[in-house]
There are 8 protein chains.
Amino acid sequence: MSKPFVAILMGSDSDLPTMEAAFDVLEKFGIDYEVKVTSAHRTPENTHNYVVDADKRGCAAFICAAGMAAHLAGAVSATTLKPVIGVPINASLDGLDALLSTVQMPGGIPVATVAIGKAGAKNAAYLAAQIIGVSDATMHQKLVDERRANAEAIIAKDAELQKRLQERKAK
Amino acid sequence: MSKPFVAILMGSDSDLPTMEAAFDVLEKFGIDYEVKVTSAHRTPENTHNYVVDADKRGCAAFICAAGMAAHLAGAVSATTLKPVIGVPINASLDGLDALLSTVQMPGGIPVATVAIGKAGAKNAAYLAAQIIGVSDATMHQKLVDERRANAEAIIAKDAELQKRLQERKAK
Amino acid sequence: MSKPFVAILMGSDSDLPTMEAAFDVLEKFGIDYEVKVTSAHRTPENTHNYVVDADKRGCAAFICAAGMAAHLAGAVSATTLKPVIGVPINASLDGLDALLSTVQMPGGIPVATVAIGKAGAKNAAYLAAQIIGVSDATMHQKLVDERRANAEAIIAKDAELQKRLQERKAK
Amino acid sequence: MSKPFVAILMGSDSDLPTMEAAFDVLEKFGIDYEVKVTSAHRTPENTHNYVVDADKRGCAAFICAAGMAAHLAGAVSATTLKPVIGVPINASLDGLDALLSTVQMPGGIPVATVAIGKAGAKNAAYLAAQIIGVSDATMHQKLVDERRANAEAIIAKDAELQKRLQERKAK
Amino acid sequence: MSKPFVAILMGSDSDLPTMEAAFDVLEKFGIDYEVKVTSAHRTPENTHNYVVDADKRGCAAFICAAGMAAHLAGAVSATTLKPVIGVPINASLDGLDALLSTVQMPGGIPVATVAIGKAGAKNAAYLAAQIIGVSDATMHQKLVDERRANAEAIIAKDAELQKRLQERKAK
Amino acid sequence: MSKPFVAILMGSDSDLPTMEAAFDVLEKFGIDYEVKVTSAHRTPENTHNYVVDADKRGCAAFICAAGMAAHLAGAVSATTLKPVIGVPINASLDGLDALLSTVQMPGGIPVATVAIGKAGAKNAAYLAAQIIGVSDATMHQKLVDERRANAEAIIAKDAELQKRLQERKAK
Amino acid sequence: MSKPFVAILMGSDSDLPTMEAAFDVLEKFGIDYEVKVTSAHRTPENTHNYVVDADKRGCAAFICAAGMAAHLAGAVSATTLKPVIGVPINASLDGLDALLSTVQMPGGIPVATVAIGKAGAKNAAYLAAQIIGVSDATMHQKLVDERRANAEAIIAKDAELQKRLQERKAK
Amino acid sequence: MSKPFVAILMGSDSDLPTMEAAFDVLEKFGIDYEVKVTSAHRTPENTHNYVVDADKRGCAAFICAAGMAAHLAGAVSATTLKPVIGVPINASLDGLDALLSTVQMPGGIPVATVAIGKAGAKNAAYLAAQIIGVSDATMHQKLVDERRANAEAIIAKDAELQKRLQERKAK
């Protein structure tokens, strides 16, 4: 079997700055990814064709980012039986419209929805890595190691804080 | 040109009791209509083929009802350049999810959204009649007449209320 | 019959920057339009008289933009039987108040509501063009052509993105 | 000057059961009132004519109840310079749509908004009595007395509760 | 009877810039007003004493502005039987918390709630003027005249817009 | 020092069925409590006097339950420097109005807010027990023991579920 | 490698009727599953131990259902690097609290959130099947086949509707 | 018994600027406090160990600040039987997600929730001081004195305002 990859679809190129957080995470885990600007509404055929093709070429998971009445993830989930991850983008109403349009899918067409905006973009990539990790022990181990490093970073931040607090109290 | 008709699409047959309010209004105005249970997600191809065909056969407007992450109206609007009217159905969150998923469409793919539930079903039909009436003076006149009758019905209700109030005061 | 036109009403001249997005779309399709600053509450008589007059002069559709407790579209819909399109303006509460005041109309007085703000302003114009296009094959064809061009613009943006991504990977 | 009265307007006769709470309060204070079923959208002219006439005949305050995109209070406030009190009716979205449509009025056209539903219906009547009481010392005194009685009723309920609690503890 | 006046209470002096819109309107109508920074929670006794005193001195209406869990208007309404007008201030959650805390009063303790922020501050003053105008024909006439002037200002803005539009078209 | 007790205040006796969940928890921990129906708005003086008196008599914490524009907890917190726990009651808008009116208190007047309705009533009592437990080691130990029992109850429910699932699979 | 299974965790046994929709879907696809009533808050250790153990025994995905401040899915995601699917349960506020508590996870700890309630329960199972299907071609094919059957069921419902409509028109 | 202290936990060091408002209040009352950056999700073990240790060392109350799906306060409350105060941080959706994730705790695991953001940070510290004050008469007296000073500060602000208003009127 060829190496699995992740396909990232965006409804608009204005979603790019948010979604770059996903690129960084995928690169950290050495996961190949493709990025596509394509719209559920304005280029439905292109979206359909790309998803069918990516699915055949071994795409392990689709990440779909869209704002407002965000239908992209749902449309992709209607086209493929691979896991589809939805990232709601804040383009209006603090992203509540995108969140509800992404997560409230009817039975049979799931979208694995993550947080609104940048935190969601990151978590979409982590989730994709976890999905690949289910059958790829090396990837799973990378995730375990990265989480440990992540925890250590927080512990380091706390240590730094303790110093600053002592300075505050010393004043 | 053949007589224009209205196509009503529903994401689920559980939407039927709500949408019958639209049938009644269309029948009152003598407008032909078709009804189709079809899903943006579960039968996307069927939806697409039906819309393309109805469009060619002279459909003047599409009415699309769906609940939750309601993508049906948006998917239909992406397929046709005829006016598409969206009716948000209350299947969860009081229908707020369906309202936002229907109305917050990106530029270029409009959905003419009406109220959540039964009032929206009725107004979808009125709006379709108004759209036909733009170029059909007879239909427009029917709308003018019906509104007058409608107003008289309210005036009659008020007259009835005045009687009940006098009885209340007489007590 | 004289050439149909679109009437754009705004509750306040502060809505102008948002609504210019509608002017651009109407001009692109060669649709005549009139713009009127008039308020459902502060100049109700003026609003009424203008709508009655525009209706007689062949107005095909009204576009009404207002913020907060946005009653303008509803008041216009109560005056005319032509299709009325409502654009909720974000003046408070992220525009949620304007959206609900515009879309939740009672049965018999429809308002075709579009998205909050600029996307809605654009879509109001597209919707008006679609309404005219129901009986005007030339206009309908313009819409079909414009959508194709629109899709190509997205495809071009995607092509550009692919280049940038290759540069990113090359680093 | 003739005795002032209060005019109660309802968008629909289905609002009557809610609004009867207002009748009771007005009767308790011996305030004359008129009730009118009339719609801002379906019978705008009737609404207008009634308000102008009631205003001339000495109406001290208007109480307007409506649900959904509740424009009635705003339309009445645009017609008269007497105080207009708005009661949002819960017909959808828990009454949030009616609340925002009633309260978020633009500068210059105030609506004195009270709570959604029955509590609001009662308070609309209390507020009308307070407005009349500003220049009518007898009415003002009635309000002062009624509030005292009201407080005593709560104190009585508390006394009753203390008995029940002692019984509970005795078990 | 001495000349009636309006008392404006604010929970915090940070509400002052918003509430100055009320001062302007009251001055336009020649209504005397007092302004008090006092808190329902931090200076409850002061608030109580001021309200009792102002009431006795002939205060016709109280305007209360507060943000967050805005209890000021409710606390004042519990102290006086004069009309109390509540202005929700946006200090968090877009002012939704202040709106609900102000408007959702239980039966018997009404607060006449107006819009969130500056529009509400203005309308609180208009409403106070209308309340005074119920028994003061001169004040009522001032309101009628001012509204006419207000309408003319909008008509003038529309005239200006027509010029700008012709220039746009001339390009 | 006399034995500390908890004072439970309710805005209305209709809150009693919800608040009985708190009585049960307090009785389980052997904590004395008083219950008072009293309103921040309708009996402000009574509320004030009761709180001042209970405070002097050794009340350790106040639990205040109210719906709608729930000011009771805030008013009590303005009167005492003992911890005040607020329970939002669902009387409208799913209890969101009561939640925001209770929790969004300005700096200096804290209300320890718990969940809407029955879960909140229970947790108010647990929190009061924890507050007493800060300086009362026996109470603290009771809490530790009860939590363990509570955990065992869930484990027992899980054991029961496993049986039912095996029966389901056996079918 | 042993056959992968899915672990379903519920915060309370009252979530069982909702979650049975997930059991049905998993059984349809022949996926083994375990069900556990365990709470992030009341039995955190049990939850932790079960997740660590299930993870080791080859659990492919965790499905976590909880209402209110739904922390279960997040707590599980903090314990394992397997995909965690969150089902928000409607126990208050229409399930909005559970949705936000489940989906708005910070970067690094993803929860694949699905719709509130029964639709979400079903989709959690579909998503788990899709995750297993990424590396299990037989499972993937089952999903492809089931979707086709699903589409045919909708088409059958539509056929039935056409009959009913013809009867209606025949009347 | 050793002197009680307060432990402040933050999910991220980006919460520090908000939480410094709590430090200031605690220092004003001479309460010792510790500050810890630790995450319910990224460093659950550290969080657990710290809480258990602080509890043993005489921590009187925990203050936990977190944004988004804010689980920190709940996780701490599941670990200790000391009072836990939750401060929702605005990191998205105006802090509504953090508020609901913090306050809507299930029965048995209370979190004493305060306002979103800075006001909440302050009130968390006040609440902690009140909890300590329940059994520490000196601390209680400090709170009584501080509140009086606080009231005087508002009265001083009002005096200043009266001056500015006289200047305004003098113009």
Side-chain angles (χ1 to χ4, degrees), chain B residues 5-24 26-28 30-51 53-54 64-72 89-101 116, chain G residues 18 21 25 28 65 67-68 70 87-103 112-124 126-127 130 143-171:
Chain B
F5 68 94
V6 171
I8 301 177
L9 288 81
M10 283 176 272
S12 157
D13 63 348
S14 66
D15 303 337
L16 199 61
T18 303
M19 293 311 294
E20 279 176 338
F23 304 173
D24 295 342
L26 292 171
E27 290 171 10
K28 182 154 63 171
I31 297 173
D32 285 350
Y33 64 94
E34 300 178 3
V35 185
K36 194 89 193 158
V37 172
T38 191
S39 160
H41 300 117
R42 286 181 285 193
T43 55
E45 226 171 314
N46 266 47
T47 304
H48 181 88
N49 293 343
Y50 174 73
V51 171
D53 180 61
C64 301
M68 299 181 73
H71 300 188
L72 186 58
I89 298 290
N90 175 2
S92 53
L93 289 170
D94 283 338
L96 189 68
D97 47 1
L99 171 58
L100 297 178
S101 304
I116 299 164
Chain G
T18 303
V25 172
K28 182 154 65 172
M68 300 180 71
V87 183
I89 299 290
N90 175 2
S92 53
L93 289 170
D94 283 338
L96 188 69
D97 46 2
L99 171 58
L100 296 178
S101 304
T102 303
V103 78
T113 306
V114 289
I116 298 164
K118 218 156 238 191
K122 273 172 108 169
N123 276 346
Y126 277 102
L127 188 56
Q130 290 181 353
L143 281 157
V144 171
D145 297 345
E146 197 263 359
R147 184 165 284 181
R148 199 172 300 127
N150 215 319
E152 274 155 24
I154 289 182
I155 291 165
K157 276 187 182 171
D158 182 53
E160 209 181 305
L161 172 69
Q162 301 308 327
K163 273 187 218 159
R164 268 195 283 163
L165 283 172
Q166 283 192 320
E167 284 163 26
R168 183 187 161 113
K169 284 181 185 170
K171 276 181 210 169

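Letters A, B, ... are given to chains in the order of the sequence lines, protein chains preceding strands, and every chain is numbered from 1. Being a predicted model, the structure only gives us computed values, none of them experimental.
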Measuring from B/Glu34:CD to G/Leu165:CG, what's the distance to the nearest 0.5 Å? 10.5 Å

Once you round to the nearest 0.5 Å, how far does CZ of G/Arg164 lie from CG of B/Asp13? 6.5 Å

Working for side chain to side chain contact (heavy atoms under 4.5 Å, CB included), residues G/Ile154 and B/Ser39: CA-CA 8 Å; G/Ile154 289 182; B/Ser39 160; 4.0 Å; yes

Under a 4.5 Å heavy-atom cut-off, does chain G meet the side chain of [X], its backbone, both or neither?
X	value
B/Leu96	neither
B/Tyr50	neither
B/Glu27	side chain
B/Asp94	both

Of all the heavy-atom pairs spanning B/Arg42 and G/Ala151, show the shortest one and how long it is. O-CB, 3.3 Å

How about B/Glu45: does its CD atom have over 12 heavy atoms from other parts shown lying under 6.0 Å from it? no

Name the region of [X], side chain, backbone, both or neither, that has any atom closer than 4.5 Å to a heavy atom of chain B.
X	value
G/Ala115	side chain
G/Ala153	neither
G/Glu160	neither
G/Arg148	neither

One pair to check against side chain to side chain contact (heavy atoms under 4.5 Å, CB included): G/Asp158 and B/Thr38. What are the steps and the verdict? CA-CA 7 Å; G/Asp158 182 53; B/Thr38 191; over 6 Å; no

Where do G/Leu161 and B/Met10 land on the side chain to side chain contact (heavy atoms under 4.5 Å, CB included) test, with the steps shown first? CA-CA 11 Å; G/Leu161 172 69; B/Met10 283 176 272; 4.2 Å; yes

